Amino acid sequence: MKLTEKLGLAALHRMDPETAHGLSIKALKAGLAPAPGPVTSNQLRTEVAGLDLPNPVGLAAGFDKNGEVLAPLSRAGFGFIEVGAVTPRPQPGNPKPRLFRLTQDMAAINRFGFNNEGMEVMARRLADRPKDAVIGLNLGANKDSDDRPGDFAKVLAHCAAHLDFATVNVSSPNTEKLRDLQGKAALSALLSGVIETRNALPRPLPIFLKIAPDLTEGELQDIADVARETGVDAVIATNTTLSRDGLRSAHKGEAGGLSGAPLFQKSTRVLARLSQLTDGQIPLIGVGGIGTAKQAYAKICAGASAVQFYTAMVYGGISLAAEIAEGLDELLAQDGFTSVAEAVGSKREDWL
């Protein structure tokens, strides 16, 4: 990390977290961020669900909720970017304060509640997206919707022309009863509707499913079964957790989803178990607690074909994208792998 980025992070940490997040978006708009372009090599180039990625290190949903900085993010070193979550109608989300830094734990708690400007605004911004980047959209449902499953399909249909993939997000803990849609029958019906909408598009695109880390063994088995039966193209494991085990920071008791370093072990175990349950037949994207190349590599060795991170940028800056990708390249070579695909699941048993 360069000195200017260190100084910028120090200044942001003196502010309210949500204000700081807004300023980080403005800084990206102003061009005040590293722009190495997608880090790539013969080892790092990989394919996930039909998507050709320059590297397997992605930006998780939640950072660019409204698609405001697609161009600068595409030059920051990521192999792919996920924006949103977006709902059909704009909504303000939950009352503030709703974002908390847990500095001692290298973590964050948020209870945003799908605050976003709606699918109309997102579609307009996506229309101007960089054409050489891989960009996906996290689909959400309005809090007051009478048809939450229908909301996911509605956002997909409206924005699909400008996307490379879309993610069904039923795992945020901050919209009341949203996680109920992870139940087997409800999830099967929801995914079937979204995939039917996808299949009717002029240009069908991969559909991903994002799951929670707080699932029982039986619930995880149901997820694996439904993913196979409905034909989703990949599963993202995992979203934030409701657990507060081992936290030390002052805000540890705040309601919402916990992300960052404390999530790494839990989310990676879920990832490895899901890899086992699906017998490696469905691509998995590992998320949760990644802040170093070694952690990204561990997710891949546990069964992930690609990874995503977000919270670690609060502490390590956006230059982490390139640092993690470059470090991953070195780790693959060190272990004798000539591609990401060769490493996927190679140490899965260590997590089971």
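For this chain, numbers begin at 1 and follow the sequence in order. Nothing here was measured: the structure is a model prediction, and the numbers come from that model.
In this structure, D214 pairs ionically with K266, as a charged nitrogen and a carboxylate oxygen lie closer than 4.0 Å. Between D164 and R129, at least one side-chain N (NZ, or NE/NH1/NH2) sits under 4.0 Å from a carboxylate O, which counts as a salt bridge. Salt-bridge annotation for E120 and R125: absent, with no side-chain N of the basic residue lying under 4.0 Å from a carboxylate O of the acidic one. Ion pairing between a basic and an acidic side chain is recognised when a charged N comes within 4.0 Å of a carboxylate O; R198 and D233 show such pairing. Salt-bridge annotation for R228 and D225: present, with a side-chain N of the basic residue lying under 4.0 Å from a carboxylate O of the acidic one. D147 has no carboxylate O lying under 4.0 Å from a charged side-chain N of K154, or vice versa, which leaves the two without a salt bridge.
Within the 4.5 Å cutoff, the side chain of Q221 has heavy atoms near those of the L277 side chain. In this structure, the side chains of I135 and P130 come closer than 4.5 Å at one or more pairs of heavy atoms. In this structure, the side chains of E349 and L352 come closer than 4.5 Å at one or more pairs of heavy atoms. When side chains are defined from C-beta on, L215 counts as touching I223, because their heavy atoms get closer than 4.5 Å. Using a 4.5 Å heavy-atom cutoff, the side chains of E18 and P97 are not in contact. Residues L137 and V155 have side chains in contact (heavy-atom distance under 4.5 Å, counting atoms from C-beta outward). V170 places a side-chain heavy atom less than 4.5 Å from the side chain of L190. Between K26 and L23 there is a side-chain heavy-atom pair separated by less than 4.5 Å.
Remark: L163 CG to M122 CE distance equals 8.5 Å, nearest 0.5 Å. With values rounded to the nearest 0.5 angstrom, F100 atom CZ is found 8.0 Å from I109 atom CD1. Atom-to-atom distance recorded for L201:CG and L156:CG is 5.5 Å, nearest 0.5 angstrom. Atom CG of residue L263 and atom OG of residue S243 lie 9.0 Å apart, to the nearest 0.5 angstrom.
Considering all non-hydrogen atoms of both residues, N116 and A85 come closest at CB-O, 3.5 Å. Between G317 and L9, the closest heavy-atom pair is N-CD1, 3.5 Å. The minimum heavy-atom distance linking A107 with P262 is given by the pair CB-CD, 3.5 Å. Taking every heavy atom of both residues into account, V168 and I207 meet most closely at CG2-CG2, 4.0 Å. Taking both residues in full, the closest heavy atoms of F80 and P56 are given as CE2-O, 3.6 Å, listed atom of the first, atom of the second, then distance. Across every non-hydrogen atom of D64 and L70, the tightest pair is OD2-N, 3.8 Å.
With hydrogens and angles disregarded, a donor-acceptor distance shorter than 3.5 Å links the side chain of T230 to the backbone of V226. Formation of a donor-acceptor pair under 3.5 Å by the K299 side chain with backbone atoms of G288 is found in this model. A donor-acceptor pair under 3.5 Å links the side-chain atoms of Q281 to the main chain of D279, judged by distance alone. At least one donor-acceptor pair under 3.5 Å links the side chain of N66 to the backbone N or O of E117. D105 contributes a side-chain N or O that, together with a main-chain N or O of S249, makes up a donor-acceptor pair within less than 3.5 Å. Remark: side-chain polar atoms of R203 are paired, donor with acceptor, to backbone N or O of A160 under 3.5 angstrom. Side chain of Q334 to backbone of E330: no donor-acceptor contact under 3.5 angstrom is found. Side-chain N or O atoms of Q91 include one that pairs as donor or acceptor with a backbone N or O of K143 at under 3.5 Å. Checking side-chain atoms of Y297 against main-chain N and O of G327 turns up no donor-acceptor pair under 3.5 Å. Side-chain atoms of E219 come within 3.5 Å of backbone N or O of T216 as a donor-acceptor pair.
By the criterion of side-chain heavy atoms lying less than 4.5 angstrom apart, applied directly or through intervening Ile, Leu, Val, Met, Phe, Trp or Tyr residues, V307 is not grouped with M106; the two fall into different hydrophobic clusters. In terms of hydrophobic clustering, with Ile, Leu, Val, Met, Phe, Trp and Tyr side chains grouped at heavy-atom distances under 4.5 Å, Y310 and L328 are assigned to a common cluster. V235 and V270 fall within a single hydrophobic cluster, where Ile, Leu, Val, Met, Phe, Trp and Tyr are joined by side-chain heavy atoms under 4.5 Å apart, directly or via other members. Using a 4.5 Å cut-off between side-chain heavy atoms of Ile, Leu, Val, Met, Phe, Trp and Tyr, with links allowed through other members, L209 and L205 fall into the same hydrophobic cluster. V134 and L59 are members of different hydrophobic clusters when ILVMFWY side chains are connected at heavy-atom separations under 4.5 Å.
The aromatic rings of H21 and F112 sit tilted, their planes meeting at an angle between 30° and 60°.
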>> Applying side chain to side chain donor-acceptor pair (under 3.5 Å) to K210 and T238, what does each step give before you reach the verdict?
In response: CA-CA 6 Å; K210 190 167 189 175; T238 66; over 6 Å; no
>> Pair R89, D144 - check salt bridge (charged side-chain N to carboxylate O under 4.0 Å, His left out), show working.
In response: CA-CA 10 Å; R89 290 174 285 106; D144 60 352; 2.8 Å; yes
>> Evaluate E5 against I318 for side-chain contact (heavy atoms from CB on, under 4.5 Å), listing each step before the verdict.
In response: CA-CA 9 Å; E5 190 173 4; I318 197 168; 3.9 Å; yes
>> Applying side chain to side chain donor-acceptor pair (under 3.5 Å) to Q43 and S339, what does each step give before you reach the verdict?
In response: CA-CA 4 Å; Q43 289 171 155; S339 69; over 6 Å; no
>> side-chain contact (heavy atoms from CB on, under 4.5 Å), that's the test. Do L274 and L284 meet it? Break it down for me.
In response: CA-CA 8 Å; L274 189 60; L284 305 179; 3.8 Å; yes
> Can you check salt bridge (charged side-chain N to carboxylate O under 4.0 Å, His left out) on R98 and E254, steps first, answer last?
Replying inline: CA-CA 9 Å; R98 55 194 180 181; E254 292 290 345; over 6 Å; no
> Are F208 and N138 close enough, and set up right, to give a side-chain contact (heavy atoms from CB on, under 4.5 Å), and what steps lead you there?
Replying inline: CA-CA 9 Å; F208 298 172; N138 194 281; over 6 Å; no
> Where do D151 and T87 land on the side chain to side chain donor-acceptor pair (under 3.5 Å) test, with the steps shown first?
Replying inline: CA-CA 7 Å; D151 278 10; T87 54; over 6 Å; no
>> Does T338 form a side chain to side chain donor-acceptor pair (under 3.5 Å) with E342? I'd like the steps, not just the answer.
In response: CA-CA 7 Å; T338 60; E342 284 184 7; 2.7 Å; yes
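N142 and S145 share no donor-acceptor pair across their side chains, judged by distance under 3.5 Å alone. With 3.5 Å as the limit, one finds no donor-acceptor pair spanning the side chains of N55 and T40. T311 and S259 are linked by a side-chain donor-acceptor pair at a separation below 3.5 angstrom, with hydrogens and angles left out of the test. Side-chain contact, S188 with E229: no donor N or O sits under 3.5 Å from an acceptor N or O.
Surrounding CD of Q104 are more than 12 heavy atoms belonging to other residues, nucleotides or ligands, all under 6.0 Å away. Residue-environment remark: CZ (R14) stays at or below the threshold of 12 foreign heavy atoms within 6.0 Å. By the neighbour-count criterion of 12 heavy atoms within 6.0 Å, atom CG of N199 is densely surrounded, having more than that number from other residues, nucleotides or ligands. With a 6.0 Å radius and a threshold of 12 heavy atoms from other residues, nucleotides or ligands, N42 has its CG atom at or below the threshold.
Two rings, from F309 and F63, have their centers 6.0 Å or more apart.
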